[in-house]
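Predicted model, so just to flag it, every value in this text is computed and none were measured. Nothing fancy with the numbering, it's 1 onward along the sequence.
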Amino acid sequence: MPQYFRDSPESLVPDALAGFAAAHADLVDYNPDHGYFHTRHTAPARRVGLVSGGGSGHEPLHSGFLGTGMLDAACPGRIFASPHNRQIFEASRAVARAEGVLHIVKNYTGDRINFGIAAERLAHEGIRCARVLIDDDLATDSDDIAVGRRGTGATLIVEKILGAAADEGRGLEDLVALGTDVTRRARSLAVASAAHTAPASGAPAFTLPDNVLEFGVGIHGERAEGTTPHAPLGKLVETMTDQLLAALPDSAGTRVLALVNGLGSITSLELYGIRDAVAKALDDRGVGLDRSLTGTFVSALDMRGFSLTLFATDAEALRLWDAPARTPAWPL
C-alpha cells in the first residue's frame, strides 16, 4: 500500500500548512492561532473581502489562490473536513472591508453549517456578510439528494471571476449576483480509475475492478452511482462533454471555458491529452472553446482521475477571467 511522506498522520496537515506559509511568505501570511491564511497584497479599490475554505487534501484549492485578483483569506480544515466556524469568523473579521465580506462556499453540509455560524457571528459584530454557494457537480444533480449538487471544480472559476470583480471595487450585492450567475452557468463531472489513499490507514478509500472507471466520483472519494468500462479517452470525454453541455442552462450560448483538472495522481501527459480530446469533442458539436485551463487545481489527495468543468462564457466573464492575478498557484 502507498504511504504518505510524513512524520505521523496527525502531523501531515499542520506541517504542510507551515511549509506552505514559509514557501510563499512573500504572498501570504498564516495565522496559526486561528488557523487561516490571508493575502499580503490586495487591490486598494476592494470594498468587499473574499473568503473561502474547505478541507485539506484539495490543494492548491483554496490557499493557493490567495492574492491580488483572487481571495483575501482561506481557511483550511482537516483532511476532507470543513474548517471550524471560528477559523472562518476570525479570517472574515480580519479581511472585511467597507462593505463587509463575501463567503465562497462549496455545497457540503459541514461547510454550509460552519460558514453559516461564522456569518451569524459577524452579523452580531455589525459586519455585513453574504454567501455564494457553489453547486456544480453533475453527478449529484438529483431530486433524491436532499443537499443538492456538490461543489467542485467550478469553485476555481468563481474565485477567479469574483476576485477580478472585487478588485474593480464592486459592492457586496453585485458580487453575490455575479457569483450566483457564474455558478449557474457551470457544471462539472469527475471520473477515477483508483481511489485516494486514506492517510490514517494507507488503504484505498474504495477498490475498483480492472478496466473499470468510477463515473461521477466526488472529490472526497464519494462513490458514484455507477461505474463504466474503461473506454478509449476520446469516447470517455465525448460522453462527459455531452452530459455537461446538456446540463448547462438553456439560455447559455455555444461558447465555453473548459477546466481540465487532475484529481491528484494523474500525470500532466494525460491531462494535456484530455484537453486535446475536450477541444475535439466541443468542435465536433459546434461549441466554441473560448478559454481553457489544464492542470491540478482541485485535487482529492492522490486519487487517480480527473474532472471536467464547462462554463458558458460571455464577454464580461471572459474579461474578468483574463484580468491579472498573482497568487501562489494561479498559472496565468
Side-chain angles (χ1 to χ4, degrees), residues 50 52 54 58 61-62 65 70-71 102-108 111-112 131-142 145 147-166 175-191 216-219 237 239-263 274-275 278-279 281-282 285 287-300 306-323 325 330 332:
L50 301 186
S52 193
H58 300 309
L61 199 76
H62 297 272
F65 303 111
M70 294 193 77
L71 297 174
L102 177 62
H103 290 164
I104 301 172
V105 184
K106 300 190 300 302
N107 187 29
Y108 296 96
D111 288 13
R112 292 177 64 165
R131 178 176 73 181
V132 170
L133 190 68
I134 315 300
D135 60 350
D136 58 305
D137 180 34
L138 185 58
T140 47
D141 192 352
S142 170
I145 300 174
V147 297
R149 294 184 299 267
R150 298 177 294 222
T152 59
T155 308
L156 176 64
I157 299 172
V158 173
E159 290 178 354
K160 177 61 184 71
I161 290 176
L162 286 187
L175 292 173
V176 170
L178 176 61
T180 301
D181 186 56
V182 171
T183 300
R184 183 184 66 86
R185 292 189 280 143
R187 291 293 182 271
S188 300
L189 192 58
V191 298
V217 69
I219 59 172
V237 169
T239 299
M240 297 173 72
T241 300
D242 284 338
Q243 292 190 15
L244 290 169
L245 289 174
L248 294 179
D250 292 338
S251 60
T254 56
R255 307 196 66 84
V256 299
L257 178 155
L259 172 63
V260 177
N261 172 65
L263 292 177
I274 295 164
R275 195 275 181 204
V278 170
L282 291 171
R285 287 151 179 77
V287 178
L289 181 57
D290 280 330
R291 302 288 189 277
S292 69
L293 187 62
T294 303
T296 297
F297 302 101
V298 186
S299 64
F306 71 92
S307 65
L308 175 59
T309 302
L310 295 183
F311 166 62
T313 57
D314 59 24
E316 175 71 353
L318 291 175
R319 183 183 69 80
L320 295 169
W321 178 262
D322 291 339
W330 183 249
L332 303 180

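Scanning for side-chain contact (heavy atoms from CB on, under 4.5 Å) contacts around A177 gives an empty result, with sequence neighbours left out. With sequence neighbours left out, the side-chain hydrogen bond (donor to acceptor under 3.5 Å, both in side chains) criterion links T313 to D290. With sequence neighbours excluded, the residues forming a side-chain contact (heavy atoms from CB on, under 4.5 Å) with R285 are E238, T241, D242, L245, A281, V287, listed by chain and number. For D181, the side-chain hydrogen bond (donor to acceptor under 3.5 Å, both in side chains) criterion is met by R184, R185, not counting sequence neighbours. Applying the salt bridge (charged side-chain N to carboxylate O under 4.0 Å, His left out) rule to R149 yields the partners D135, D141; only residues at least two apart in sequence or on another chain are considered. With sequence neighbours excluded, the residues forming a side-chain contact (heavy atoms from CB on, under 4.5 Å) with A165 are R170, L175, L178, L320, listed by chain and number. Shown here are the side-chain hydrogen bond (donor to acceptor under 3.5 Å, both in side chains) partners of T180, two or more places apart in sequence or in another chain: there are none. Residues that satisfy the ring pair (Phe, Tyr, Trp, His ring centres under 6.0 Å) test with H58, not counting sequence neighbours, are F80, H220. Partners of V298 according to the side-chain contact (heavy atoms from CB on, under 4.5 Å) rule, which considers only residues two or more places apart in sequence or in another chain, are L61, I219, N261. Under the side-chain hydrogen bond (donor to acceptor under 3.5 Å, both in side chains) criterion, S188 pairs with D136, T309, sequence neighbours left out.
With a 4.5 Å cut-off on side-chain heavy atoms, K160 and L156 do not count as touching.
Note that NE2 of H103 and CZ of R112 are 15.0 Å apart. Values are rounded to the nearest 0.5 Å. Remark: F311 CZ to I157 CD1 distance equals 6.5 Å, nearest 0.5 Å. Atom CG of L257 and atom CG of L318 lie 7.0 Å apart (nearest 0.5 Å). Here CG of L259 is found 9.5 Å from CG of L310. Values are rounded to the nearest 0.5 Å. The line from CG of L263 to CZ of F297 is 12.5 Å long, rounded to the nearest 0.5 Å. Note: S52 OG to I134 CD1 = 7.5 Å, rounded to the nearest 0.5 Å.
Taking all atoms of both residues into account, the shortest heavy-atom contact from R275 to V260 is CA-CG2, 4.0 Å. Heavy-atom minimum distance, G54 versus D111: CA-OD2, 4.3 Å. Across all non-hydrogen atoms, the minimal contact from A258 to V278 is CB-CG1, 4.2 Å.
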